[in-house]
Visitor: 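One structure, pasted below without further comment.
Chain identifiers are assigned alphabetically (A, B, ...) following the order of the sequence lines, protein sequences preceding nucleic acid strands; residue numbering begins at 1 within each chain.
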There are 2 protein chains.
Amino acid sequence: MQDAVIKHIQKFINLEPSEIALLESSLTTSQIKKKDHVLEEGQICNTMYFIVKGCMRQYIINSRGTEQTLQFGVENWWITDYLSYHNHTTSHFYIQAVETTEVIALEKTVLESILIKIPSLEKYFRIVAQKAFGAAQMRIKFLFTMSAEERYNHFKNQQPDFVQRVPQYMLASYLDFSAEFMSKIRAGKV
Amino acid sequence: MQDAVIKHIQKFINLEPSEIALLESSLTTSQIKKKDHVLEEGQICNTMYFIVKGCMRQYIINSRGTEQTLQFGVENWWITDYLSYHNHTTSHFYIQAVETTEVIALEKTVLESILIKIPSLEKYFRIVAQKAFGAAQMRIKFLFTMSAEERYNHFKNQQPDFVQRVPQYMLASYLDFSAEFMSKIRAGKV
DNA sequence: TGTATTTCTTGAAGTAGTTCAAGTTTTTAA
DNA sequence: TTAAAAACTTGAACTACTTCAAGAAATACA
């Protein structure tokens, strides 16, 4: 199962056999049950999670008590609160399994020691973070320039399967409109 | 002037004297005049810009022909379109100097060769990108949970000087509301 | 398999913002 | 030092959404 992350790493950098062996011995997968949290608001985030199989989400609870999803993560994605992770500050976010999910949980201390032993991993995590930031920039662009209906249709075109995979109210909040409005969009009542 | 970026790098990693020398010989600053672009929509972004002094912004032109600022960059920030940079695809963005700005422009080919000679720089760019992504996550949180007036007040509290530094209409679009509404918020007419 | 829980739907009323248009003020540069 | 350009302001009309409340449908699990 650790194979998944090793395969993903090898898309970006070369690993020596000894490095693969080291990685295999350092990593373990674990299962997060549907609806369980790996991070809650107010905690310090000391772990990065690589999703082997399943779906996680990062969300907040707004002033009206409604959950708003900021980010989904699926197979081959890393999910964490980088700000809390780096600054050792309490997190503003929840991270939760949307489905029962297999993850590789990488503790900060473990990761730091691996990064020293396999410096080329720095490049891997650099590229992962740069791509994630690029995607966040595009996300902000879509939020700024498209209407609710356009955002829904655009997302559905890009990720047709994913739309079926998560509850509509989670997707609605990710696209920044209400669950009720989502219903009306889908029914063609807007 | 390259000192600025070297100092910034040294906040995160150690550099050998030889590495500093190599960096100094590889980097040059240039001046971008106010309102000049370093990237326009449709171009491929092959350069990262480190801001030594001044202010740049990344923006788009929306369907109504209005500019919307997605990101500002000031002293000690890197600005680029990471998605275009990595995927070698045409950019959706403009990057422009808000004030006349001194930058260190780092071409992809140059950067790649420096990264090979100074592998520890990978760590520096990893941390820069991870922090930028963390900040983008917080930005999305604020956009999702705060009213226009709250976003303005929050930004003003966090960055009191910056509010004076850029035209209000640019800041309004960055905070995702209209220039007219900004005027009313500031006049207390909301 | 049935019941509790979660998710989705619908309409009515409300509102936080936008858009437009025109005028005013400030900044820029020849 | 003045004319042109850029930035800001204001009010009135509008609209893309939200909120609320209640019921219906789908899903989970004992």
Visitor: Thinking salt bridges, do Arg165(B) and Glu75(B) make one under a 4.0 Å N-O criterion?
Guide: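 Judged by the 4.0 Å cut-off on N to carboxylate O distance, Arg165(B) and Glu75(B) do form a salt bridge.
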
Visitor: Which residues in residues 159-189 of chain B have a heavy atom closer than 4.0 Å to any atom of DNA chain D?
Guide: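 Per residue number, the list reads Pro167(B), Gln168(B), Tyr169(B), Glu180(B), Ser183(B), Lys184(B), Ala187(B), Lys189(B).
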
Visitor: For His8(A) and Phe50(A), take the angle between the two ring planes, folded into 0 to 90°, and tell me which bin it lands in: parallel under 30, tilted 30 to 60, perpendicular over 60.
Guide: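 Rings of His8(A) and Phe50(A): tilted, 30 to 60°.
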
Visitor: Quick one: Leu143(A) CG to dA16(D) P, roughly how many Å, whole number?
Guide: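 To the nearest whole Å, that distance equals 18 Å.
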
Visitor: For Lys35(B) and dT28(C), is the shortest distance between a side-chain N/O and OP1 or OP2 below 4.0 Å?
Guide: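 Checking dT28(C) against Lys35(B), no side-chain N or O comes under 4.0 Å of OP1 or OP2.
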
Visitor: Using ring centroids (six-membered ring only for Trp), state whether Phe72(A) and Phe162(A) fall under 6.0 Å.
Guide: yes

Visitor: Given atom NZ of Lys34(A) and atom P of dT5(C), what is their separation to the nearest angstrom?
Guide: 16 Å

Visitor: Taking the six-membered ring of Tyr85(A) as reference, does the NZ or CZ atom of Lys108(A) fall below 6.0 Å from its centre and within a 45° cone about the axis?
Guide: yes

Visitor: Taking the six-membered ring of Tyr174(B) (Phe, Tyr or Trp), confirm whether the NZ or CZ of Arg139(B) is under 6.0 Å from its centre and within 45° of its axis.
Guide: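 Yes - Arg139(B) lies over the ring of Tyr174(B), closer than 6.0 Å to its centre and within 45° of its axis.
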
Visitor: Quickly work out the Met146(B) CE to dA16(C) P distance and round it to whole Å.
Guide: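 Atom-to-atom, Met146(B) to dA16(C), this comes out as 17 Å.
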
Visitor: I need the CD-C1' distance between Glu149(A) and dC17(D), as an integer number of Å.
Guide: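 The answer, rounded to whole Å, is 12 Å.
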
Visitor: Please report, rounded to the nearest Å, how far the P atom of dA16(C) is from the CD atom of Glu150(B).
Guide: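 Value for this atom pair: 11 Å.
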
Visitor: Could you check Tyr49(A) against Thr101(A) for side chain to side chain contact (heavy atoms under 4.5 Å, CB included), going step by step and ending with a plain yes or no?
Guide: CA-CA 11 Å; Tyr49(A) 299 92; Thr101(A) 298; over 6 Å; no

Visitor: Can you measure Asn62(B) atom CG to dT19(C) atom C1' for me and round it to whole angstrom units?
Guide: 12 Å

